[in-house]
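Just below is one structure, and these are the notes that go with it.
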2 protein chains.
Amino acid sequence: MNKNIDLIIDDENEKCPVETALEVMDGKWKVLILWYLRRDKKRFNEFQKLMPKITQKMLSLKLKELESDGLIIRKVYPVIPPKVEYSMSEYGESLKPILKQLYLWGEEHKKLRSKEL
Amino acid sequence: MNKNIDLIIDDENEKCPVETALEVMDGKWKVLILWYLRRDKKRFNEFQKLMPKITQKMLSLKLKELESDGLIIRKVYPVIPPKVEYSMSEYGESLKPILKQLYLWGEEHKKLRSKEL
DNA sequence: CGGCATCCATAAAGATACTG
DNA sequence: CAGTATCTTTATGGATGCCG
């Protein structure tokens with residue numbers, strides 16, 4: 001598929017940049033949140049609809065972590081009832097190539113895997 | 001960077017293929033293991049040197065999970081002392097584009113992030 | 001060498017209830 | 001609506017000992 005991957009690093013003992021990437025995408029929820037934010041802003045309850053299995057606690061926690069990592073932006077409207085919108089930051093946008101590859105892989109392999117599960 | 005990502009899916013309510021990908025890469029250790037296997041086979045103690053912080057228990061567990069997911073191959077040589085080699089399967093190789101993007105992102109952002117951490 | 005078994009400690013995640 | 005608080009469960013970490 002892509003043989004260039006073999007050329008981009010030679011010293012395997014240096015601290016691996018893959019770890020750096022994994023630090024910000026830690027766990028599956030963050031990646032999924034970023035995925036759903038890739039185009040439009042979203043509100044808290046929209047995430048809950050998109051990810052029915054995430055708990056409020058996890059959603060709240062992961063949104064905070066993503067925000068403090070600078071990957072997403074939290075905008076609060078001082079209205080009643082409360083309104084909060086989450087959107088991707090420019091920094092978060094830089095993750096899009098990763099999101100895209102994850103999507104492409106999943107799309108290609110989900111049928112195969114659905115047989116196993 | 002890549003605007004095509006916006007075009008590849010329209011129905012956000014369908015079960016997201018990103019989740020499928022995340023299922024096999026669950027947790028940080030698996031991705032790292034796959035990364036270190038991207039070119040050459042590796043032995044158990046080589047992984048331990050490459051990932052000093054992983055426990056034997058986790059390494060053993062994650063190798064098993066990756067094997068049972070068909071992403072890596074475990075080859076046992078009937079010699080004394082025992083010799084076991086792990087390598088990527090063809091299926092595992094299909095993850096290389098993801099690994100590459102993770103690497104590229106990490107490489108580009110680790111300096112930025114090292115200020116934060 | 002390449003593990004597994006056990007026991008214990010901590011951390012991450014899930015379930016449920018409640019609030020400004 | 002957008003969370004927080006609390007409690008329980010699961011996952012992971014750490015140490016030690018053993019074995020083919």
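Throughout, a chain's letter reflects where its sequence line sits, starting with A, and its residues are numbered from 1.
A straight line from CD of Gln48(B) to P of dC4(C) spans 12 Å, rounded to a whole angstrom. Regarding Ile72(B), its CD1 atom lies at a distance of 14 Å from the P atom of dG2(C), rounded to whole Å. Per the geometry, CZ belonging to Phe47(B) stands 10 Å off P belonging to dG3(C), to the nearest Å. To the nearest angstrom, C1' of dG3(C) lies 11 Å from CG of Asn45(B). Regarding Lys75(A), its NZ atom lies at a distance of 18 Å from the C1' atom of dC1(D), rounded to whole Å. Remark: P of dG3(C) and NZ of Lys64(B) are 9 Å apart, rounded to the nearest angstrom. At whole-Å resolution of the value, CD in Glu46(A) and C1' in dG3(D) are 16 Å apart. Rounding to whole angstrom units, CG of residue Leu59(B) and P of dG13(D) are separated by 11 Å.
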| said: Determine whether Lys30(B) and Glu65(B) satisfy the following criterion, salt bridge (charged side-chain N to carboxylate O under 4.0 Å, His left out), listing intermediate values before the conclusion. | reply: CA-CA 9 Å; Lys30(B) 284 187 186 176; Glu65(B) 289 177 5; 2.9 Å; yes
Polar pairs (N or O, both sides) under 3.5 Å between protein and nucleotides 18-20 of chain D?
none

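Under a hydrophobic clustering in which Ile, Leu, Val, Met, Phe, Trp and Tyr are joined whenever their side-chain heavy atoms come within less than 4.5 Å, directly or via other members, Val79(B) and Val84(B) fall into different clusters. Connection of Met58(B) to Trp35(B) is established within a shared hydrophobic cluster, with ILVMFWY side chains joined at heavy-atom distances below 4.5 Å, either directly or through further cluster members. Criterion: ILVMFWY side-chain heavy atoms under 4.5 Å apart, direct or through other members. Under it, Leu63(A) and Ile73(A) are not part of a common hydrophobic cluster.
Judged by the 6.0 Å and 45° rule, Lys83(B) forms a cation-pi pair with Tyr77(B).
Although no hydrogens or angles enter the test, the distance criterion places no donor-acceptor pair under 3.5 Å between the side chain of Thr20(A) and the main chain of Lys110(B).
The residue Tyr77(B) sits apart from the nucleic acid: no heavy atom pair falls under 4.0 Å.
Under the 6.0 Å cut-off for aromatic ring centres, Tyr91(B) and Trp105(A) qualify, their centroids lying closer than that.
Here Arg43(A) does not reach the OP1 or OP2 of dG3(D): none of its side-chain N or O atoms lies under 4.0 Å away. Under 4.0 angstrom from either OP1 or OP2 of dC1(D) there lies no side-chain N or O belonging to Tyr86(A).
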| Footprint string (nucleotides 13-19 of chain C, 5' to 3'): B base within contact, S backbone only, - free, heavy atoms under 4.0 Å | BBB-B--
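Exactly one of Leu34(A), Leu66(A), Ile54(A) qualifies for a side-chain contact (heavy atoms from CB on, under 4.5 Å) with Trp29(A). That residue is Ile54(A).
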